[in-house]
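Worksheet: one structure, shown below.
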2 protein chains.
Amino acid sequence: MASRSTDPKDPREPRGSRDPKNGRPALDDVSLAIIEQLQEDGRRPYAAIGKAVGLSEAAVRQRVQKLLDQGVMQIVAVTDPLTVGFRRQAMLGINVEGDLDPVADALTAMSEVEYVVMTAGSFDLLVEIVCEDDDHLLEVINKRIRSLPGVRSTESFVYLKLKKQTYMWGSR
Amino acid sequence: MASRSTDPKDPREPRGSRDPKNGRPALDDVSLAIIEQLQEDGRRPYAAIGKAVGLSEAAVRQRVQKLLDQGVMQIVAVTDPLTVGFRRQAMLGINVEGDLDPVADALTAMSEVEYVVMTAGSFDLLVEIVCEDDDHLLEVINKRIRSLPGVRSTESFVYLKLKKQTYMWGSR
DNA sequence: CGTAATCTTTGCGGATTTCGTATCAAGGGG
DNA sequence: CCCCTTGATACGAAATCCGCAAAGATTACG
């Protein structure tokens with residue numbers, strides 16, 4: 001299991017930047033600082049984090065666990081799939097007629113889809129796809145995605161080379 | 001430090017799927033299995049991973065350290081920036097005239113740029129940007145990126161909502 | 001074939017970290 | 001004013017991490 005406690009539930013909560021009730025930000029400065037620490041090294045010990053953010057080891061541990069349970073962050077290994085396997089990867093721009101959500105949910109349910117985001121601009125959705133090979137990619141795009149009800153059109157961007165991939169928005 | 005050993009160096013090595021010399025894949029099945037374990041839980045203990053992949057704790061530890069040093073994978077906390085801060089995030093499609101690499105390198109050097117990938121299709125590059133606010137986003141796109149030599153045109157897709165974000169290509 | 005050289009795995013022991021639990025302080029309600 | 005919830009700390013026991021030296025495996029070469 002990715003997390004160590006209660007089942008993950010649905011990570012898509014209405015989690016705004018601030019909790020409307022009780023006014024406090026959903027994430028205070030300390031939690032932000034903890035996340036920054038873990039963005040640098042996901043395995044950094046709780047005691048070291050505590051020293052950096054001014055909290056006891058146990059307090060850090062509890063906060064981290066809550067952040068994981070709430071789905072605010074996940075601690076995982078990330079790779080360049082193109083490097084690791086000999087797979088095909090692509091970004092897909094999608095235009096939808098009618099409600100976006102059903103389409104987005106259907107895409108989210110596909111295991112080959114790693115990333116789904118609603119956007120403003122000439123595409124309604126951007127989705128990233130990781131596949132075994134060309135045949136697999138073709139099948140996912142042409143058979144499974146283009147046939148989804150509501151999908152008006154798609155445009156594909158096959159990945160040639162990943163140049164940068166970071167998660168350090170905190171540190172700058 | 002993100003990693004525990006020699007300095008990170010430049011992560012952009014010519015890391016193909018297979019090591020040209022000595023023919024063996026850069027990543028054997030065991031390392032793949034280790035990565036899969038860490039994709040589920042980046043903090044899973046080495047002993048547990050060893051039991052899962054059939055290796056001793058020390059062997060797993062050394063392999064993980066090498067994978068980190070080589071830049072094949074990173075173990076980090078990932079979040080939805082839109083959730084964590086009140087930031088603006090966008091994907092940018094870019095068209096370039098001439099050599100792609102200088103432009104890609106310049107983008108890679110920008111701290112606001114989290115993701116740079118070369119693609120086939122109607123864009124040459126896709127880059128993901130994380131900004132503090134609208135002003136910041138505007139400045140990065142219009143002042144810093146559009147003025148890069150070689151950039152012919154850009155198209156922006158401002159993120160409205162992140163629906164899915166996973167790193168589990170291994171487990172299916 | 002040997003054998004050297006290199007790389008990988010393994011087996012420890014000690015230092016460190018994690019984890020569960022108990023305790024304490026600070027707010028809300030009722 | 002008391003009860004209940006939330007969050008931080010303290011602390012001992014158990015598990016984990018880490019460095020190191022020995023053993024094993026693989027490759028290159030004579």
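Naming convention: chains lettered A, B, ... in sequence-line order (proteins, then strands); numbering from 1 in each chain.
- Residues satisfying the salt bridge (Lys or Arg N to Asp or Glu O under 4.0 Å) test with B:E57, not counting sequence neighbours, are B:R61.
- For the segment residues 56-64 of chain B, the set of residues with a heavy atom within less than 4.0 Å of an atom of DNA chain D comprises B:E57, B:R61, in numerical order.
- Taking five base pairs at each end of the helix from C:dC1-D:dG30 to C:dG30-D:dC1 and finding the rotation axis that steps the C1' atoms of four pairs onto the next four gives two axes whose angle is 30°, to the nearest 10°.
- The pair A:D134-A:R88 meets the salt-bridge criterion, with a side-chain N (NZ, NE, NH1 or NH2) lying under 4.0 Å from an Asp/Glu carboxylate O.
- Across the protein-nucleic acid pair, B:K51 atom NZ and C:dT9 atom C1' stand 18 Å apart, rounded to whole Å.
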Under 3.5 Å, side-chain donor or acceptor atoms of residues 121-131 of chain B against the rest of the protein: list the pairs with distances, not counting sequence neighbours.
from   : atom 1 : to     : atom 2 : distance (Å)
B:S122 : OG     : A:E155 : OE2    : 2.3
B:D124 : OD2    : B:V96  : N      : 2.8
B:E128 : OE2    : A:Y115 : OH     : 2.5
B:E128 : OE2    : B:Y159 : OH     : 2.7

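- For the pair A:R43 and B:Y46, the cation-pi criterion (under 6.0 Å, within 45° of the ring axis) is fulfilled.
- A salt bridge does not link B:D80 with B:K161: every distance from a Lys NZ or Arg NE/NH1/NH2 to an Asp or Glu carboxylate oxygen is 4.0 Å or more.
- Salt-bridge annotation for A:K164 and B:E114: absent, with no side-chain N of the basic residue lying under 4.0 Å from a carboxylate O of the acidic one.
- Not a single salt bridge (Lys or Arg N to Asp or Glu O under 4.0 Å) links A:R146 to another residue, sequence neighbours left out.
- Taking A:Y167 as the reference, nothing meets the ring pair (Phe, Tyr, Trp, His ring centres under 6.0 Å) condition, with sequence neighbours excluded.
- Remark: C1' of C:dT17 and CG of A:L38 are 15 Å apart, rounded to the nearest angstrom.
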